[in-house]
Protein chains: 4
Amino acid sequence: MTIDNTNGGTDSRSGADTDADTDGGRAAAKPNPSRRSEQSRRAILTAARELVSELGFAKLTIEAIAARAGVGKQTIYRWWGSKGEVVFEAFLALSDPGEGIVLPDTGDVETDLKYLMRETVAEFADPAFEAPVRALNAEIINDPKLARLYHEKMAAPVDEAKKERLRSAQRAGQIAADVDLDLALELLYAPLYQRWLLRSGPLTEEYADSLVALTLKALRP
Amino acid sequence: MTIDNTNGGTDSRSGADTDADTDGGRAAAKPNPSRRSEQSRRAILTAARELVSELGFAKLTIEAIAARAGVGKQTIYRWWGSKGEVVFEAFLALSDPGEGIVLPDTGDVETDLKYLMRETVAEFADPAFEAPVRALNAEIINDPKLARLYHEKMAAPVDEAKKERLRSAQRAGQIAADVDLDLALELLYAPLYQRWLLRSGPLTEEYADSLVALTLKALRP
Amino acid sequence: MTIDNTNGGTDSRSGADTDADTDGGRAAAKPNPSRRSEQSRRAILTAARELVSELGFAKLTIEAIAARAGVGKQTIYRWWGSKGEVVFEAFLALSDPGEGIVLPDTGDVETDLKYLMRETVAEFADPAFEAPVRALNAEIINDPKLARLYHEKMAAPVDEAKKERLRSAQRAGQIAADVDLDLALELLYAPLYQRWLLRSGPLTEEYADSLVALTLKALRP
Amino acid sequence: MTIDNTNGGTDSRSGADTDADTDGGRAAAKPNPSRRSEQSRRAILTAARELVSELGFAKLTIEAIAARAGVGKQTIYRWWGSKGEVVFEAFLALSDPGEGIVLPDTGDVETDLKYLMRETVAEFADPAFEAPVRALNAEIINDPKLARLYHEKMAAPVDEAKKERLRSAQRAGQIAADVDLDLALELLYAPLYQRWLLRSGPLTEEYADSLVALTLKALRP
DNA sequence: CGGTAAACGAGACGGTACGTCAAGTCTTGAT
DNA sequence: ATCAAGACTTGACGTACCGTCTCGTTTACCG
């Protein structure tokens, strides 16, 4: 984890709105982040992570998080705006890779993509991954703010690494130079993700291979 | 979301299920579907539909449905196993097209697909469509049973129509004959759906066009 | 203290009130007393009585009453407006003597009053009596509604019995015929009650005797 | 209500107490009264007084006092043991007459007492007097320590002045020489006080007059 | 007269209880 | 027997204060 600044990351109030926040007269209190207990923060995040795995997101309660963390409920409400935010930050802390992500590059884009996609299929089959990620996605559907955070903090770094691999393929002449890489990524991953998330079909390695093959046909120069 | 009730299924209308069930000694009640009040059923479904649009799924309550429908809570619990089931059946009743769906076929698959995709983009931008469909998808994520029902009752017929159009394109030599049409459909729709559902990017007509163009490149003979 | 319910009183059993209340439009719910659970009511009252004795009124909580009574909090909030009302009704149920109170009448008013007053002194010294009655009085000070109820339901019958004894003394020529009996009663009891309630002095049998002697001097024909 | 704090008393000014206390090893802090901020003390007392009038004692909170006084909560907890103590000292500071109280003495005890009692009746009717005094009395009921303090610091001086007037009447032969003046005072005031405090009856000037007349009958030589 | 320990304002903390809401179950007439 | 109505137990909600515990920041005493 990178050294934290005052903001701390998930702070919901620093939302999309332009936080000039001169506070013309709002009654709401503004907790001072510099006095925040790092110990409590970590205990809450840990408890949240554990409980999501144990109960699933829907059955998770703020009270249970507070109890497990040995923390007053107010300490949660003071720093997070919803159950979703807590859980999201818990995931964020977990998944934070620290530095850059580098994907394998054997020189053959098809080989590498098939490897990546098979890996993703395997990951989706892991029950420890399943519950929390489903929970997060279900929340994202109904919470634009969370969606934005998710894409900024969690998806973007990974996507950037994948696009870097595609750029390398472009340089190698394996993919057309004028292809929109964002679109290309969606073509590759969205079908897979959707099958898993919405259970619209079986997820096998063969499926992953077919998907890569078909997509690469579209991307070829 | 909850495991299940005695009924064993969401579809309350399929009374002819496996209801041989002479019940050897279980204490649980077995409501007799033949005595069911059709009027109450419709009032509940209508109330559910209205309330999902007004409040969203998360803020929808069984009590509110019962109140709006002028119905006792027990009448809902008697025939449905969860909030999700009620709402799903409400959608189902709404979207039921009765008979087959036929998509336009001008002879040029690119034209037709672009039209279809632009139409989908427009539909996704309609607020009246937004709330309930997001709600349904959020539930599907965490409820395999609901997912199965959704794909069987709602998605399948539409998908079949789309595949029929692709088959027509295959016959016209515009799409390779050996393409897996399910996969093709996913390539086309999953990126669009994901952008909307998970808010991973802007949804424009240009995007739809690019998506069709790129996908068709993959499908070409 | 609390606003009020339509009933306007603590005694929930007196359904025959003046309940003209056609309800012009208030949104508040009106629970139907005929469906009330007598078992829960009694459990609540019993728990309240016990807990006041154990903890005192100030440390008594609605939650504790509900827990001890094996009852949901809502069931308390549904039928009573405040902690004070519950406790008051608990006392009321306890102290209800059913029928009329008759005080001893030896023919000599001084003897009888001294006996009565000494009895009162003894009662005040009983710890089981102390906590709840202090609690009730403390509430009465700040709650006019409760005060009215107290005087109507609990004090009035006892006072009437005492006045009857004084009337007997008037007939016997031991007390002036034109004395205001309410005032006489206050002269007798208020000093004693105040010493106990506000702890303004020691409560002894000698004090009771002196008080009776002095008061009777004032009441003599 | 709570037993006590280290300080041992409500009167924070009596710094010279039993403060030999060299403290052999207790960990508890001993705030040094000489460093106490007189400004904060006054702000707290003022805030307490205002807030009791505005909200009543029950709804008064330490936090509100601290906020209104512009003071940290700890500053209150450092010097007082309970809400009751703060409020009591606030009253005490208010009512402190500085020096001795002298009551009118026209030579006729009945005239003077009726005047005094009517004045008391008027005082009781003043809403500014009502809230805080009721609050104080309600606390006294459940707090022996507060009761003792009240009688010592607030009641005693006034009672002494009244007894002085009665002594004067004894000297003038208007009251029997052997009358217990404490008892006499109670006979006079307790009925009035009780009517007001427990709302047991209307408080009028006529009532005050009758009370004086009847009591004097008991006190006559 | 400058250093230092206290008291101070502020407010975050672990808690308890509040009064409300809804869940799902159970009971009572009415149809 | 199902229905509308709604009281019931349960449990979580989000809020208000509790009394304790740091935080810097004055303040006043003492060396």
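Atom set for the values below is all heavy atoms of this structure, side chains included, hydrogens, waters and symmetry mates excluded. Below, read A as the first sequence line, B as the second, and so on, with proteins coming before strands; counting in each chain starts at 1.
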For nucleotides 25-31 of chain E, 5' to 3', base contacts (B), sugar-phosphate-only contacts (S) and non-contacts (-) with protein non-hydrogen atoms under 4.0 Å give BBBB---
Straight-line distance of [X] [atom1] to [Y] [atom2], nearest 0.5 Å:
X	Y	atom1	atom2	answer
A:Lys59	B:Asn142	NZ	CG	11.5 Å
D:Ile141	D:Leu146	CD1	CG	11.5 Å
D:Gln39	D:Ile44	CD	CD1	10.5 Å
C:Ser40	C:Arg78	OG	CZ	9.0 Å

Return the value, rounded to whole Å, for the distance between atom [atom1] of [X] and atom [atom2] of [N].
X	N	atom1	atom2	value
A:Leu51	F:dA12	CG	P	12 Å
C:Arg41	F:dC8	CZ	P	12 Å
D:Lys59	E:dC18	NZ	C1'	13 Å
C:Ile76	E:dC18	CD1	C1'	13 Å
A:Gln39	F:dC23	CD	P	12 Å
D:Glu63	F:dT20	CD	C1'	12 Å
D:Ile62	F:dC18	CD1	P	6 Å
A:Lys30	E:dA12	NZ	P	11 Å

Runs of at least three consecutive pairs that involve DNA chain F, where pairs are Watson-Crick or G-U with distances under 3.5 Å: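 The stems are E:1-31 with F:1-31.
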Nearest nucleotide by nearest heavy atom, which residue falls closer to the 5' end of DNA chain E, A:Ala69 or B:Lys83?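 Checking each residue's closest nucleotide, the 5'-ward one belongs to A:Ala69.
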First encountered from the 5' end of DNA chain E, between C:Ala64 and A:Val71: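 Counting from the 5' end, the first nearest nucleotide belongs to A:Val71.
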Which heavy atom of [X] sits nearest to which heavy atom of [Y], and what is that distance?
X	Y	result
C:Phe57	C:Ala135	CB-CB, 3.0 Å
C:Pro31	C:Trp79	CB-CH2, 3.5 Å
D:Val52	D:Pro132	CG1-CA, 3.7 Å

C:Thr75 near the nucleic acid: base, sugar-phosphate alone, or nothing, with a heavy-atom cut-off under 4.0 Å?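 Counting heavy atoms under 4.0 Å across all strands, the contact made by C:Thr75 includes a base.
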How is D:Ser40 classified with respect to the nucleic acid when contacts are heavy atoms under 4.0 Å: base, sugar-phosphate, or nothing?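 Sugar-phosphate contact only.
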Is the distance from OP1 or OP2 of [N] to the nearest side-chain N or O of [X] less than 4.0 Å?
X	N	result
D:Arg78	E:dA7	no
A:Trp80	F:dG14	no
A:Trp79	E:dC13	yes

Side-chain atoms of residues 60-74 of chain B: list all donor-acceptor pairs with protein atoms under 3.5 Å, sequence neighbours left out, distances to 0.1 Å.
| from | atom 1 | to | atom 2 | distance (Å) |
| --- | --- | --- | --- | --- |
| B:Thr61 | OG1 | B:Ala64 | N | 3.0 |
| B:Glu63 | OE2 | B:Lys73 | NZ | 2.8 |
| B:Arg68 | NH1 | B:Glu50 | OE1 | 2.7 |
| B:Arg68 | NH1 | B:Glu54 | OE2 | 3.2 |
| B:Arg68 | NH2 | B:Glu54 | OE1 | 2.9 |

Lys/Arg N to Asp/Glu carboxylate O, B:Glu139 vs B:Lys83, below 4.0 Å: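 Answer for the salt bridge query: no.
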Given F:dC8, F:dA7, E:dC13, which nucleotide is nearest the side-chain atoms of C:Ser37?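 Among F:dC8, F:dA7, E:dC13, the one nearest the side chain of C:Ser37 is F:dC8.
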Can you confirm if the NZ or CZ of B:Arg36 lies within 45° of the ring axis of B:Trp80 and under 6.0 Å from the centre of its six-membered ring?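 Yes, B:Arg36 and B:Trp80 form such a contact.
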